[in-house]
Amino acid sequence: MKTREDALALDAADPLAPLRAQFVLPDGVIYLDGNSLGVLPRTTAARVQQVVQQEWGTGLIRSWNSAGWMDLPGRIGDKIARLVGAGAGELVVADSTSVNLYKVLSAAQAIARADAPAKKVILSERSNFPTDLYIAEAVAREHGCELVLADWHELPDRLDVRVAVLMLTHVNYRTGRMHDMELLTQLAHRAGALALWDLAHSAGAVPVDLTGAQADFAVGCGYKYLNGGPGAPAFVWVHPRHAERFWQPLAGWMGHAAPFEFKPGYRPAAGISRYLCGTPPVVSMAALECGVDTLLAAEPLGGMAALRRKSIALTRLFAELVQARCGFGGFTIASPLLDDERGSQICLSRTGGAYAIVQALIARGVIGDFRAPDILRFGFTPLYTRFVDVWDAVGHLVQVMQHGEWQRPEFNVQHAVT
Ligand SMILES: *Cc1c(COP(=O)(O)O)cnc(C)c1O
């Protein structure tokens, strides 16, 4: 691509372009961080106000039934299921990703080891998101397992008979590397292990086919590509063949077969409902549903497959433009260059200055993020990112580097939270 006009022409020809109107995007901002916190859908504020003023304010406790509050975990779960290749009634919205991971990892190790007690290993990737590894460490301690970490390319060799559970994040949060879910699940099964997938950077970003891949368990995040808002509840999926094989460890009343009988003695609900724990956060759920609906709005336009085509075009263009226009900047493209191996983000690495360069870009309205120690991370959400945004973002990066803007002292003060 040679000129800004070329980018504008791609936007003019983009059949998904109308989807951008679903969002509130502040003027002067190029938002390349939807992989960390998705943007605000236009419908969310009014919907949340309706839930608060009418359903809560007027309906009061009646709204658990009359406004369908009790159904929210399953109703939104069914919508997310359409995005990740799961069946209706197989996926629920609940708690946080970390908490859901605790539930399913506990279940996975118990189920895998029920028939093969000698299996002791939970296998994961060294560069997995820290909370996933912390939870795995805790589950391993609790059940006398061992957490074994490998680099991504070592995983097939490490899948030996000792492995009970292969627990991976489908798209790596830092590099954007995407695993072959079907292949690794198959290799896990061949070793007699179960496969658990974290879809935090996949759901709403890339097509996922949990059923087709024969995956065993999955969790995912509501506030990233699903645009559910800060701290939105997460989701959990268990393949129906396992759903009723185990009491998940957080046996709360919402996962009980008859929560309103108020009887002592736990009886787990049928199917995935037993993976609920406590009362659903209704206001947050309402916001999440608005976010999920922005993705379902793409279904008549080709759905996740069409979004994926655009996402690949966006990430490929960004990588090309960085190589063509920022050759002097000392950047290495840390994400896989092969489309099939990459999620919806591009990461650059640079020895020194990565944090300050991200800060200088943010000051110019280009919002990406920094991931320690040396990564500049840019997420591309095909629902609302335009080709001209990619062109302009690289233009800002060129400016930041050419004028040494990033070396200004204010960009080099590291804050605790980024
Ligand atoms: C974002 C993310 C999480 C977030 O977990 P929370 O419980 O919502 O804080 C977990 N795992 C991965 C891989 C993530 O990318």
Side-chain angles (χ1 to χ4, degrees), residues 32-39 73 76 80 83-84 91-106 108 122-139 147 149 152 155 165-179 181 184 195-206 208 210 215 217-237 248-250 275-278 280-281 284-285 287-288 291-292 335 342-347 368-372 375 377-381 417-418:
L32 303 179
D33 218 353
N35 51 330
S36 207
L37 176 65
V39 298
I76 306 172
I80 296 173
L83 301 172
V84 296
L91 187 154
V92 285
V93 171
D95 303 315
S96 67
T97 307
S98 306
V99 172
N100 287 330
L101 187 61
Y102 176 72
K103 298 175 199 166
V104 290
L105 188 54
S106 303
I122 298 170
L123 177 63
S124 193
E125 195 180 347
R126 192 166 290 115
S127 66
N128 200 344
F129 193 79
T131 200
D132 296 47
L133 298 181
Y134 303 156
I135 294 284
E137 203 178 320
V139 171
L147 174 63
L149 302 180
W152 65 271
L155 289 167
V165 185
L166 173 66
M167 180 202 83
L168 292 174
T169 297
H170 181 221
V171 175
N172 187 279
Y173 78 103
R174 196 190 269 138
T175 63
R177 175 174 291 282
M178 181 165 67
H179 288 296
M181 181 184 290
L184 282 166
L196 191 172
W197 293 94
D198 185 333
L199 305 178
H201 290 272
S202 309
V206 298
V208 173
L210 289 170
F217 300 88
V219 296
C221 184
Y223 51 78
K224 293 171 179 162
Y225 291 95
L226 297 183
N227 305 314
F235 66 88
V236 53
W237 172 81
Q248 61 98 353
L250 303 178
Y275 280 82
L276 299 174
C277 181
S284 300
M285 291 255 182
L288 173 61
V292 172
S335 301
R342 182 174 76 234
S344 203
Q345 69 190 61
I346 291 283
C347 295
D369 59 27
F370 165 75
R371 283 294 175 267
I375 293 280
R377 188 175 72 156
F378 303 95
F380 298 86
T381 46
V417 176
T418 57

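Each ligand, and each atom within it, is numbered from 1 in the order the structure gives. Since this is a predicted model, take the numbers as computed values, not measurements.
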Ligand-residue contact atoms, ligand 1 with [X], heavy atoms, under 4.0 Å:
| X | answer |
| --- | --- |
| Thr169 | 13 (C) |
| Ser96 | 7 (O) |
| His201 | 15 (O) |
| Lys224 | 1 (C), 2 (C), 3 (C), 14 (C), 15 (O) |

ask   = Hey, mind stepping through Val92 and Val236 against side chain to side chain contact (heavy atoms under 4.5 Å, CB included) and telling me if it holds?
value = CA-CA 6 Å; Val92 285; Val236 53; 3.6 Å; yes

query = What do the steps show when you test Tyr102 against Leu250 for side chain to side chain contact (heavy atoms under 4.5 Å, CB included), and what is the final call?
reply = CA-CA 9 Å; Tyr102 176 72; Leu250 303 178; 4.2 Å; yes

Identity and distance of the protein heavy atom lying nearest [atom]:
| atom | value |
| --- | --- |
| atom 7 (O) of ligand 1 | Ser98 OG, 2.6 Å |
| atom 5 (O) of ligand 1 | Thr97 CB, 3.5 Å |
| atom 9 (O) of ligand 1 | Tyr223 OH, 3.5 Å |

query = Backbone, side chain, both or neither: what part of Ala200 comes under 4.0 angstrom of ligand 1, heavy atoms only?
reply = side chain

Mode of Asp132 contact toward ligand 1 - side chain, backbone, both, neither (heavy atoms, under 4.0 Å) = side chain

task = Any chance you could measure Asp198, atom CG, to His170, atom NE2, to the nearest 0.5 Å?
result =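 These two atoms lie 11.0 Å from each other.
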
task = Hey, could you give me the CZ/CZ distance between Arg377 and Arg371, rounded to the nearest 0.5 Å?
result =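 Spacing of CZ (Arg377) from CZ (Arg371) equals 4.0 Å.
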
ask   = Backbone N or O of Thr169 within a donor-acceptor pair of the Asp132 side chain at under 3.5 Å?
value = no

query = Any idea how Tyr173 and His201 line up, ring-wise: parallel (<30°), tilted (30 to 60°), or perpendicular (>60°)?
reply =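 If you compare the ring of Tyr173 with that of His201, the planes turn out tilted.
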
message = Going by side chain to side chain contact (heavy atoms under 4.5 Å, CB included), Val104 matches just one of Val139, Val165, Ile135, Leu196. Which one?
response =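 Only one of Val139, Val165, Ile135, Leu196 forms a side chain to side chain contact (heavy atoms under 4.5 Å, CB included) with Val104, namely Leu196.
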
